[in-house]
Amino acid sequence: MGHVARNRQRERTAAAVAVVETVDGGLAELIPDRERPRGWTLLIDGAPQSHVDLDDPAHLSFEYQRRLGHIADLAAPPNRPLQAVHLGGGAFTLARYIAATRPRSTQQIVELDGPLVQLVRRELPLDATARIRVRSTDARAGLNKVQDGWADLIIADVFSGARTPAHLTSTEFLAEVRRVLKPGGFYAANLADGPPLTHLRGQIATAATVFPELALAADPTVLRGRRFGNAVLLASDRELPVGELTRRVATDPHPGRVEHGRALADFAGGATPVTDASAKPSPVPPAAVFR
């Protein structure tokens, strides 16, 4: 895009108003960012889902997305392309981030909400040179179609009505995740829970039945069960870069804590692993979370 055309597009964005459309998941709103000329926040039924800066896709605004970004950074040596699967699309924030920070990466996005995909593609278009394929299908069904050992990284960030669907919380689902990962690959999941943290502890116990190495990054107040919030679970069959992840999470604009090893096992507190037969959606967030 030429200099003049880019300036005109920025001027249009600066004067932009929200884009509001009904999608399968509810009422989608794209809200322009007053501080970033081409920045947008996606909300579904009032719940913030993603933030995107089309001028700077390597910028991650949301706390949990920054933690997922750290994991993407540590999934392979710098600048090496990744093969990544994103379960849950939102505004394609993490796929854009990886495309910007690791050129020539090959990525698949699996997003059930077809109208949402169409909205994001139209209003927040992907870089035409990025190797990103988007499938409008269920996350688990889409994962089932990915070949064995294809992915360096799988990111799960799936919410329906602000809750993670039950069938994406079980040992059977995580067995599919491990099948698709390369040896040494990373699985990262955005989890949401509040006191008494039953869902979060159950997800740690479930992941521990499939992966030998786990770490959890979250705000300390969430880990202490004082408020509802997000936690990012990292799992792999290889030793995790816990020291570097801890440093990055601790020095973020919204500092967090990383638990692993015995401390994480103690945190899970003997929770029972979840199976397809016992799975339930993640808890409903309190209304005050989005105010």
Side-chain angles (χ1 to χ4, degrees), residues 50 52 57-60 62-111 126-127 130-135 139-140 142-159 164 168 173-191 203-204 206-207 210-218 230-246 248-249 252 258 260:
S50 306
V52 168
H59 172 77
L60 298 175
F62 287 6
E63 176 183 299
Y64 83 89
Q65 289 181 332
R66 290 187 60 80
R67 288 168 186 159
L68 291 171
H70 296 323
I71 289 170
D73 291 345
L74 299 173
N79 301 316
R80 201 198 86 183
L82 291 178
Q83 294 185 177
V85 177
H86 303 263
L87 303 178
F92 311 159
T93 303
L94 268 299
R96 298 174 199 267
Y97 176 83
I98 291 172
T101 58
R102 295 179 178 273
R104 303 181 309 284
S105 291
T106 303
Q107 303 184 74
Q108 299 183 41
I109 297 172
V110 184
E111 171 57 59
L126 288 165
D127 184 337
R131 301 175 181 177
I132 300 174
R133 178 182 179 183
V134 185
R135 294 179 177 176
R140 188 157 162 180
L143 186 66
N144 290 346
K145 294 180 181 178
V146 183
Q147 68 190 62
D148 293 5
W150 184 84
D152 298 292
L153 174 66
I154 297 175
I155 295 176
D157 185 16
V158 184
F159 289 87
T164 301
L168 304 181
F173 165 68
L174 288 181
E176 272 297 286
V177 168
R178 185 154 186 186
R179 176 190 66 79
V180 172
L181 281 175
K182 295 177 181 179
F186 281 0
Y187 170 66
N190 177 31
L191 308 173
Q203 288 303 285
I204 295 167
T206 304
V210 179
F211 293 98
E213 299 292 332
L214 304 176
L216 185 75
N230 297 86
V232 171
L233 179 64
L234 171 60
S236 183
D237 62 359
R238 70 171 166 99
E239 184 177 354
L240 299 174
V242 173
E244 180 60 19
L245 180 62
T246 299
R248 292 181 182 223
V249 171
D252 255 351
V258 174
H260 70 290

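When reading the values below, keep in mind they use all heavy atoms of this one structure, side chains included, and skip hydrogens, waters and symmetry mates. One-based numbering along the sequence shown.
- The heavy-atom pair separating G88 from V158 by the smallest distance is N-CG2, 3.7 Å.
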Walk me through it: do L234 and L214 pass the test side-chain contact (heavy atoms from CB on, under 4.5 Å)? CA-CA 6 Å; L234 171 60; L214 304 176; over 6 Å; no
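- A distance of 4.5 Å separates CG of L82 from OG of S105, quoted to the nearest 0.5 Å.
- Note that the CG atom of N190 and the CG atom of N230 stand 4.5 Å from one another [nearest 0.5 Å].
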Please determine whether side-chain contact (heavy atoms from CB on, under 4.5 Å) holds for the pair R135 and E111, giving the CA-CA distance in whole Å, both sets of side-chain angles, and the decisive distance to 0.1 Å. CA-CA 6 Å; R135 294 179 177 176; E111 171 57 59; over 6 Å; no
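- The side chain to side chain donor-acceptor pair (under 3.5 Å) check on D148 picks up R179, with sequence neighbours excluded.
- Partners of P103 according to the side-chain contact (heavy atoms from CB on, under 4.5 Å) rule, which considers only residues two or more places apart in sequence or in another chain, do not exist here.
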Test log, rule side-chain contact (heavy atoms from CB on, under 4.5 Å), inputs T206 and L174: CA-CA 8 Å; T206 304; L174 288 181; 3.9 Å; yes
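- Contact of the I109 side chain with the F92 side chain is registered, since non-hydrogen atoms from C-beta on lie closer than 4.5 Å.
- A salt bridge (charged side-chain N to carboxylate O under 4.0 Å, His left out) check over residues 70-82, counting only residues at least two apart or in different chains, returns the pairs D73-R248, R80-D152.
- Minimum heavy-atom separation, A139 to L87: O-CD2, 3.7 Å.
- A distance of 14.5 Å separates CZ of R131 from CD1 of I98, quoted to the nearest 0.5 Å.
- Pairing each heavy atom of G142 with each of V110, the nearest pair is CA-CG1, 4.0 Å.
- Here Y64 contributes atom OH and L68 contributes atom CG; the two are 7.0 Å apart, rounded to the nearest 0.5 Å.
- Partners of Q107 under the side chain to side chain donor-acceptor pair (under 3.5 Å) rule, at least two apart in sequence or in another chain, are H86.
- Contacts of A218 classified as side-chain contact (heavy atoms from CB on, under 4.5 Å), with partners at least two apart in sequence or in another chain: L223, A231.
- Remark: K145 NZ is loosely packed, at most 12 non-hydrogen atoms of other residues, nucleotides or ligands lying under 6.0 Å away.
- The side chain to side chain donor-acceptor pair (under 3.5 Å) check on D127 picks up T129, with sequence neighbours excluded.
- Listed by chain and residue number, R178 satisfy the salt bridge (charged side-chain N to carboxylate O under 4.0 Å, His left out) test with D237 (two or more places apart in sequence, or in another chain).
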Show your reasoning for whether side-chain contact (heavy atoms from CB on, under 4.5 Å) applies to L245 and L74. CA-CA 8 Å; L245 180 62; L74 299 173; 4.0 Å; yes
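- Within the structure, salt bridge (charged side-chain N to carboxylate O under 4.0 Å, His left out) contacts touching residues 85-101 (residues at least two apart or in different chains) do not occur.
- For E63, the salt bridge (charged side-chain N to carboxylate O under 4.0 Å, His left out) partners are R67, not counting sequence neighbours.
- Residues G69 and L60 approach most closely at CA-CD1, 3.7 Å, considering heavy atoms.
- Between F173 and L143 the shortest heavy-atom distance is CE1-CD2, 3.9 Å.
- Between L216 and H260 the shortest side-chain heavy-atom distance does not fall below 4.5 Å.
- Legend: residues meeting ring-ring contact (aromatic ring centres under 6.0 Å, His included) with H59, ordered by chain and number and at least two apart, are H51.
- Q65 pairs by the side-chain contact (heavy atoms from CB on, under 4.5 Å) definition with S50, F62, T93, L94, not counting sequence neighbours.
- Qualifying side-chain contact (heavy atoms from CB on, under 4.5 Å) partners for S236, counting only residues two or more places apart in sequence or in other chains: F186, R238, L240.
- The minimum heavy-atom distance between W150 and K182, with the atom names listed, is O-CE, 3.2 Å.
- The only member of I154, I71, I155, V85 that meets side-chain contact (heavy atoms from CB on, under 4.5 Å) when paired with Y187 is I154.
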